[in-house]
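First up is the structure itself, then whatever we jot down about it.
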Amino acid sequence: MGIRKKTNKNPPVMSHEFVIQNHADIISCVAMVFLLGLMFEVTSKFAVLFITVQYNVTISTNEGPEETAVNHFHHGIKDLATIFFYMLVAIIMHAIIQEYVLDKINRKKHFSKTKHSKFNESGQLSAFYLFSFGWGANILLSENFLSNPVSLWEGYPHTLMPFQMKFYYICQFGYWLHSLPELYFQKTKKEDIPRQLVYISLYLVHIAGAYILNLNRLGLVLLVLHYFVELLFHISRLVYFSNENRQMGFTVWAVLFVLGRLLTLSLTVLTMGFGLATAGQQGLDLAAGNFNILFVRITVLAAICLTQAFMMWKFINFQLRRWREHAQAQTLNKKQAPSKSKSKKDKANGVNGVSSHGADSPRTRKEKLS
């Protein structure tokens with residue numbers, strides 16, 4: 001994320017600088033158009049496609065003395081319109097956090113350009129990971145996925161989702177898609193763009209895979225687990241920027257990162273390799289949303305394993321770089337300590353033309369005798 005410099009000069013209308021400085025206001029006006037569309041009967045049907053969750057299915061249950069209607073949702077092509085609207089909302093929220101929280105802290109701390117960029121990145125992602133982890137954990141607890149791990153594959157295909165789960169996935173798509181235009185709005189450096197694109201693409205591919213292949217329960221568990229570990233890392237980095245001596249958070253994150261990768265692989269192998277492999281409904285049925293065939297299972301398992309291996313490779317390089325920098329700092333401190341003590345000793349013995357015992361020198365004694 002680059003540094004946006006605010007100037008008093010008004011750039012030309014619709015120029016690049018004008019769009020960058022006022023992108024939040026422009027996007028807010030576009031979002032307001034959809035909200036105003038709900039007020040008129042002619043446009044309400046069109047506006048509803050963008051604002052509300054689509055593909056509602058009502059199911060009657062006989063729990064208790066009376067029948068109750070429960071609303072569930074499945075996915076479809078109309079979800080693209082809803083994702084687009086919440087992508088606009090994510091851009092607006094990004095600008096609010098940046099201007100009213102992060103920019104104020106940056107002005108007080110006077111960070112360098114490198115720290116400024118990393119602080120903004122960690123600040124934005126910490127807010128998103130905290131929100132997503134809390135929301136996702138609440139869904140897991142309410143749907144009893146944690147207390148009943150068999151539900152990750154039992155009853156597949158999971159074509160129907162409760163409202164909270166479907167809206168959660170819509171917001172995930174919206175957030176990670178908003179990161180693409182943010183590369184332009186935040187003036188991201190050219191050398192940082194490839195890294196950001198890989199980062200964003202991995203999220204979008206994995207979330208879309210879980211959503212389209214009806215592996216939404218497994219995807220939700222893995223997302224919550226991953227977001228918790230990433231939240232700890234970015235909070236540790238924010239604490240480090242405030243005080244560079246506080247690095248304990250990175251140690252805790254390193255342990256949980258490795259455990260998170262192992263747990264992710266274990267849950268994936270358990271679900272894809274054992275649960276779905278022994279499930280009753282086997283075969284490819286696009287109409288029913290069933291993708292439980294060997295090729296799909298191996299592809300999903302291979303994709304997650306490769307992603308975890310890539311993340312571990314990046315993690316090992318990060319740790320090696322930290323240890324190397326720490327070792328260099330220790331060596332530099334050891335070299336500086338003897339030189340300081342030596343300079344003090346030489347100064348005390350009269351080195352560099354300065355004598356602490358000038359009265360006892362031979363020349364002074366000779367002058368006294370004469």
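Along the sequence shown, residues are numbered consecutively beginning with 1.
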Is any side-chain heavy atom of [Y] closer than 4.5 Å to one of [X]?
X: Leu223; Y: His226; answer: no
X: Leu197; Y: Leu180; answer: yes
X: Leu265; Y: Cys305; answer: yes
X: Leu218; Y: Met272; answer: yes

Handout entry: Ring centres under 6.0 angstrom apart (His116, Phe119)
Key =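 No, too far apart.
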Problem - Ring centre gap for Tyr86 and Phe167 strictly below 6.0 Å - result: yes
Establish, from distance only, whether the side-chain atoms of [X] and [Y] form a donor-acceptor pair under 3.5 Å.
X: His94; Y: Tyr175; answer: no
X: Tyr211; Y: Asp79; answer: yes
X: His75; Y: Asn214; answer: yes
X: Gln124; Y: Ser122; answer: no

Applying side-chain contact (heavy atoms from CB on, under 4.5 Å), can you list everything that pairs with [X], at least two apart in sequence or on another chain?
X: Leu286; value: Leu284, Phe291
X: Phe133; value: Val224, Tyr227, Phe228
X: Asp285; value: Ala287, Ala288, Asn290

Fill in the blank from the handout: Excluding Ile212, membership of its hydrophobic cluster (Ile, Leu, Val, Met, Phe, Trp, Tyr; side-chain heavy atoms within less than 4.5 Å) reads none
Exercise for the section: List, by chain and then residue number, the residues other than Leu80 in its hydrophobic cluster (Ile/Leu/Val/Met/Phe/Trp/Tyr, side-chain heavy atoms under 4.5 Å); write none if there are no others. Expected result: Tyr55, Ile77
Handout entry: N/O donor-acceptor pair under 3.5 Å between Ser132 side chain and Tyr129 backbone
Key =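 Such a contact is absent between Ser132 side chain and Tyr129 backbone.
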Acceptor/donor pairs from residues 34-42 side chains to any protein atom, 3.5 angstrom cut, sequence neighbours excluded:
none

Practice task
Compute both the distance and the angle, then confirm whether Arg237 meets the cation-pi test with Phe233: under 6.0 Å from the six-membered ring centre, within 45 degrees of the axis.
Solution key: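 Negative - Arg237 is either too far from the ring of Phe233 or too far off its axis.
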Exercise for the section: Evaluate the criterion side chain to side chain contact (heavy atoms under 4.5 Å, CB included) for residue pair Lys118 and Tyr240; output intermediate values, then yes/no. Expected result: CA-CA 11 Å; Lys118 291 181 178 180; Tyr240 172 76; over 6 Å; no
